[in-house]
Amino acid sequence: MHFGKVSIHKRESENIYLLGIETSKEIIKNFQPGQFIKIKINYRLDPLIPRPFTVHAVEENNFYILYQIKGKGTKALSKLKEGEEVEFLAPLGKPFPVLQNYVICAGGIGIAGFGYLLQCANSKNRFKPPDAIFYGARSKSELVRLEFLSEFKIPLEIATDDGSAGYKGFITDLIEEELKKEHKDILACGPLPMLKKIAEIGKKYKVRTYLVMETFLACGIGFCRGCVIPLKKGGYIHLCVDGPTFLAEEIDLETIS
Ligand SMILES: Cc1cc2nc3c(=O)[nH]c(=O)nc-3n(C[C@H](O)[C@H](O)[C@H](O)COP(=O)(O)OP(=O)(O)OC[C@H]3O[C@@H](n4cnc5c(N)ncnc54)[C@H](O)[C@@H]3O)c2cc1C
Ligand code: FES
């Protein structure tokens, strides 16, 4: 486990928070986009298991996570005060694949993992910038970090279910329109129904489609077998060590609910 100190804790929408953790540069230099951390919410026994969050951004000796309140762990996380010490395990999982000519598709809090990818692509390391970012949410109030995203000067397409910002409807409609014009690979993170639709679109347009999956995680390091993802060819892989990003055509999405 590593230690850090809360450097910033900011509400971004009703249920979404940005948490900055200051730690050593030695730890942060190993982080790659797409990897995640597991953070121990507090030093009491409950919640016992550290919760996983993707690295959202990195700045000198700070890294950031963007999280949505779901249950007791994230509720407890939202109570952390600036200056408090936190314990975390990192970096975990595999980085995103290195893609050229691709688009990002984020649904809701799925935007969290892409900030660091944009930062790395912007600093001209091996990750390349996407051609466009497609970002959907239920309504305008749930679209977060727009100012940060706009810093990268990458076309940003917005959709909201209620039409309060951007296109009225699902972000997958906009992705499909884009692919009709030009075939591009897709890197997607968001709710399971969105990922299933993205997989269908990717198959229809014959583009490489990568999905960032979520399961319940326990150990986070490949021991407990608590995070299995079923494969189409049979058998399983483990999200914590083989993922969280997978080629859509390889995983059996039908059996995941
Ligand atoms: C690799 C990985 C990276 C993640 N990155 C982020 C991130 O950057 N930002 C973010 O907000 N969230 C992220 N998550 C999801 C986050 O870890 C969960 O929302 C969090 O652990 C819930 O904890 P809790 O104690 O608040 O909720 P709990 O009390 O444990 O559960 C509350 C509700 O959420 C559901 N739930 C809990 N965990 C998951 C899960 N992993 N998948 C699906 N449903 C779940 C439960 O069924 C329950 O209904 C990530 C998950 C994984 C596996
Ligand atoms: S969480 Fe234990 S094996 Fe993946």
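Each ligand, and each atom within it, is numbered from 1 in the order the structure gives.
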Task: Over 12 non-hydrogen atoms of neighbours within 6.0 angstrom of NZ in Lys232 - done: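 Atom NZ in Lys232 is crowded, with more than 12 foreign heavy atoms closer than 6.0 Å.
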For [atom], tell me which residue out of [options] has the closest non-hydrogen atom.
{"atom": "atom 31 (O) of ligand 1", "options": "Cys240, Gly71, Gly220", "value": "Gly71"}
{"atom": "atom 42 (N) of ligand 1", "options": "His56, Lys70, Glu214", "value": "Glu214"}
{"atom": "atom 12 (N) of ligand 1", "options": "Phe36, Tyr17, Tyr67, Phe53", "value": "Phe53"}

Task: Cys240 backbone or side-chain N/O/S under 2.8 Å from atom 2 (Fe) of ligand 2 - done: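 Not a single backbone or side-chain N, O or S atom of Cys240 is under 2.8 Å from atom 2 (Fe) of ligand 2.
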- [ ] For atom 2 (Fe) of ligand 2, decide whether Cys219 has an N, O or S atom at a distance under 2.8 Å.
- [x]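 Checking atom 2 (Fe) of ligand 2 against Cys219, an N, O or S atom does fall under 2.8 Å.
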- [ ] Anything under 30° is parallel, anything over 60° is perpendicular, the rest tilted; go ahead and classify Phe88 against His2.
- [x]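 Tilted, since the angle between the ring planes falls between 30° and 60°.
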TODO: Kindly assign one of parallel, tilted or perpendicular to the pair Phe63 and Phe31, based on the angle between their ring planes and the thresholds 30° and 60°.
DONE: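 Taking Phe31 first and then Phe63, their aromatic rings stand perpendicular (interplane angle over 60°).
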Using a strict cut-off of 4.0 Å, indicate which atoms of ligand 2 neighbour a heavy atom of [X].
{"X": "Gly222", "result": "3 (S)"}
{"X": "Cys224", "result": "1 (S), 2 (Fe), 3 (S)"}
{"X": "Gly220", "result": "1 (S), 2 (Fe)"}
{"X": "Phe223", "result": "3 (S)"}

Does only the side chain of [X] get under 4.0 Å from ligand 1, or the backbone, or both, or neither? Count heavy atoms.
{"X": "Ala112", "answer": "side chain"}
{"X": "Ile109", "answer": "side chain"}
{"X": "Thr215", "answer": "backbone"}
{"X": "Leu66", "answer": "backbone"}

- [ ] Give me the one residue out of Val86, Ile65, Ile69 that meets side-chain contact (heavy atoms from CB on, under 4.5 Å) with Leu77.
- [x]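 Only one option passes, and that is Ile65.
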- [ ] Taking only heavy atoms of Lys72 into account, list the atoms of ligand 1 that are under 4.0 Å away from them.
- [x]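 It comes down to these atoms of ligand 1: 25 (O), 26 (O), 29 (O).
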Open item on the list: As an exercise, identify every atom of ligand 1 less than 4.0 angstrom from a heavy atom of Thr74.
Closed with: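 Result: 24 (P), 25 (O), 26 (O).
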Open item on the list: When you measure from the side chain of His183 to the backbone of Tyr205, do you find a donor-acceptor pair of N or O atoms at a distance under 3.5 Å?
Closed with: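 Between the backbone of Tyr205 and the side chain of His183 there is a qualifying donor-acceptor contact (under 3.5 Å).
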Task: Check: Asp173 main-chain N/O paired with Glu176 side-chain donor or acceptor under 3.5 Å - done: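 Side chain of Glu176 to backbone of Asp173: no pair is present.
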Task: Sub-4.5 Å side-chain heavy-atom contact between His238 and Ile229 - done: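 In short, these two side chains do not touch, never coming nearer than 4.5 Å.
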Task: pair Ile37-Val55: side-chain heavy atoms closer than 4.5 Å - done: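 They are in side-chain contact.
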Open item on the list: Checking a contact table here: which protein heavy atom is nearest atom 3 (S) of ligand 2, and how many Å away?
Closed with: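 The protein heavy atom lying closest is Arg225 N, 3.2 Å.
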Task: For atom 4 (Fe) of ligand 2, closest protein heavy-atom neighbour - done: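 It is Cys227 SG, 2.3 Å.
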Task: Donor on one side chain, acceptor on other, Asn125 and Ser123, under 3.5 Å - done: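 No, Ser123 and Asn125 have no side-chain donor paired with an acceptor closer than 3.5 Å.
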Open item on the list: So, applying ring-ring contact (aromatic ring centres under 6.0 Å, His included) with Phe96, which one of Phe246, Phe114, Tyr210 is it?
Closed with: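 Testing Phe96 for a ring-ring contact (aromatic ring centres under 6.0 Å, His included) against Phe246, Phe114, Tyr210 leaves exactly one candidate, Phe114.
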